[in-house]
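The structure appears right after this line, and notes come after that.
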Amino acid sequence: MSSLPRSFYARDTVTVARGLLGKKLVRKIGGQIISGIITETEAYRHRDDPASHAFRRETERNKAMFGEVGHSYVYFTYGMYFCFNVVARSPKSKAGAVLIRSLQPEKGVDLMKKNRGKTDLKNLANGPAKLSLALDITKNQYGVDLTNNSSLFITEGLQKKGKITKARRIGIKEGMEHLWNFKIIYQT
DNA sequence: CTTGGGATGGTCT
DNA sequence: GACCATCCCAAGG
């Protein structure tokens, strides 16, 4: 399956955050494939969003959020973890990214377990730092293009519909008025 | 189930 | 020098 086109990411950040639910994140490492369905996302915009890393100004850390859409923005936090974002924004905006917060594991589950040092399937990738560990996403993946089928990319995923919920974003103190956390729930 | 604290270091003020 | 877009484990109810 081929990657989502760059035009997918050249829309409003909040729209893309919703649109990424149900899509598939694919990681290739040494001939092995790890993949998962995106089940939770959050939008972070620019000047209208005090919770965003890009709110104040462009810096060495956040410059990917100002760069070409469809690339990754990876940041290091709490002294030990990486979190994975996709750069997305409307052409009118200068910065924006979607934080991928949760994956439903699909392929490469054994490798994910090894990378996580855990075996409980439910807890392999249900958090932004957990999924980065599971897929071995680090600073090395900063700024990589997610629209070519290389070692990290996003493709169409599940076609079936799910119920989408919206909520306040997790772990922030400003911008609480925006309901930019999205989850998809598939009925069994 | 919920709560609290420790790990650990880059980034920004 | 403070602040984190977090996770994990232990203790308490």
Side-chain angles (χ1 to χ4, degrees), chain A residues 9 12-21 23 25 27 34 36-67 69-89 93-105 109 111-144 146 152 154 164-184:
Chain A
Y9 303 102
D12 175 72
T13 311
V14 175
T15 303
V16 176
R18 266 193 303 262
L20 281 172
L21 295 173
K23 300 293 191 280
L25 178 61
R27 178 85 167 108
I34 306 174
I37 300 299
I38 296 170
T39 53
E40 182 180 359
T41 61
E42 282 177 0
Y44 288 89
R45 300 210 301 201
H46 185 211
R47 299 298 298 283
D48 63 341
D49 183 6
S52 173
H53 288 168
F55 178 61
R56 294 182 185 282
R57 65 172 182 279
E58 183 173 347
T59 66
E60 194 60 26
R61 172 172 80 148
N62 68 21
K63 64 182 180 187
M65 290 183 74
F66 294 79
V69 299
H71 287 241
S72 72
Y73 166 51
V74 178
Y75 67 89
F76 182 69
T77 192
Y78 292 106
M80 7 165 56
Y81 298 113
F82 293 99
C83 293
F84 171 71
N85 300 250
V86 185
V87 178
R89 78 182 95 91
S93 179
K94 293 242 183 300
V98 176
L99 173 67
I100 309 300
R101 287 195 59 89
S102 183
L103 294 179
Q104 175 182 297
V109 172
L111 198 46
M112 294 177 82
K113 289 179 178 174
K114 187 174 162 223
N115 290 340
R116 288 275 290 118
K118 308 277 172 205
T119 56
D120 180 16
L121 185 63
K122 272 216 60 167
N123 287 310
L124 280 184
N126 63 334
K130 295 182 192 179
L131 70 89
S132 293
L133 285 169
L135 272 62
D136 190 31
I137 294 171
T138 68
K139 204 84 180 170
N140 293 333
Q141 278 67 48
Y142 187 98
V144 304
L146 303 166
L152 186 61
I154 299 173
I164 293 178
T165 65
K166 62 180 176 183
R168 293 199 301 222
R169 292 168 293 176
I170 309 295
I172 59 168
K173 294 188 179 143
E174 298 184 272
M176 304 291 284
E177 68 275 22
H178 295 128
L179 302 180
W180 289 348
N181 171 288
F182 303 101
K183 293 183 207 171
I184 190 163

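Naming convention: chains lettered A, B, ... in sequence-line order (proteins, then strands); numbering from 1 in each chain.
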Distance-only criterion, 3.5 Å: show the donor-acceptor pairs between side-chain atoms of residues 166-174 of chain A and protein atoms not counting sequence neighbours.
residue   : atom : partner   : partner atom : Å
Arg169(A) : NH1  : Ala43(A)  : O            : 2.9
Arg169(A) : NH1  : Asp49(A)  : OD1          : 3.3
Arg169(A) : NH1  : Asp49(A)  : OD2          : 2.8
Arg169(A) : NH2  : Asp49(A)  : OD1          : 3.0
Arg169(A) : NH2  : Gly175(A) : O            : 3.2

query: Residues from residues 169-182 of chain A sitting under 4.0 Å of DNA chain B, heavy atoms only?
result: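 Under 4.0 Å from DNA chain B: no residue of residues 169-182 of chain A.
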- prompt: Is a donor on one side and an acceptor on the other found under 3.5 Å between the side chain of Ser72(A) and the backbone of Gly143(A)?
  reply: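 Yes, Ser72(A) side chain to Gly143(A) backbone: donor-acceptor pair under 3.5 Å.
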query: CG/Asp136(A) to CE/Met112(A) distance, rounded to the nearest 0.5 angstrom?
result: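 Reported to 0.5 Å precision, the distance equals 11.5 Å.
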- prompt: With Watson-Crick and G-U wobble geometry limited to distances under 3.5 Å, how should the secondary structure of DNA chain C be encoded in dot-bracket form, using | for bases paired to another strand and [ ] for crossing pairs?
  reply: ||||.|||||||.
- request: Only one of Arg18(A), Arg45(A), Arg89(A) passes side chain to side chain donor-acceptor pair (under 3.5 Å) with Asp12(A); say which it is.
  value: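 Of Arg18(A), Arg45(A), Arg89(A), side chain to side chain donor-acceptor pair (under 3.5 Å) with Asp12(A) is met by Arg45(A) alone.
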Please name all residues satisfying side chain to side chain donor-acceptor pair (under 3.5 Å) with [X], sequence neighbours left out, ordered by chain then number.
X: Lys183(A); result: none
X: His53(A); result: Tyr73(A)
X: Lys113(A); result: none
X: His71(A); result: Glu68(A)

field: Protein-to-nucleotide contact annotation, 5' to 3' order, nucleotides 8-13 of chain B [B base; S sugar-phosphate only; - none; under 4.0 Å, heavy atom]
entry: BBSSSS
task: Check side-chain contact (heavy atoms from CB on, under 4.5 Å) between Phe82(A) and all other residues, then give those that pass, not counting sequence neighbours.
output: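 Result, side-chain contact (heavy atoms from CB on, under 4.5 Å) vs Phe82(A): Val74(A), Phe76(A), Ser132(A), Thr138(A), Lys139(A).
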task: Under 4.0 Å from any heavy atom of chain A: name the first and the last nucleotide of DNA chain C that qualifies, 5' to 3'.
output: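 With heavy atoms of chain A under 4.0 Å away, the range is dC4(C) to dC9(C).
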Run the side-chain donor-acceptor check on residues 117-124 of chain A: report pairs under 3.5 Å with partners two or more places apart or on a different chain.
residue   : atom : partner   : partner atom : Å
Asp120(A) : OD1  : Lys122(A) : N            : 3.4
Asp120(A) : OD2  : Asn123(A) : ND2          : 2.6
Asn123(A) : OD1  : Asn126(A) : ND2          : 3.1

field: Those residues that, when tested against Lys23(A), pass salt bridge (charged side-chain N to carboxylate O under 4.0 Å, His left out) (two or more places apart)
entry: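 For Lys23(A) the salt bridge (charged side-chain N to carboxylate O under 4.0 Å, His left out) partners, ignoring immediate neighbours, are Glu156(A).
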- prompt: With side chains defined as the heavy atoms from C-beta onward, is the minimum distance between Ser102(A) and Lys130(A) less than 4.5 Å?
  reply: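 The answer is no, as the side chains (C-beta and beyond) never meet within the 4.5 Å cut-off.
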query: Which part of the nucleic acid, if any, lies within reach of Arg116(A) when heavy atoms closer than 4.0 Å are counted: base, sugar-phosphate only, or nothing?
result: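 Here Arg116(A) touches the backbone only, sparing every base.
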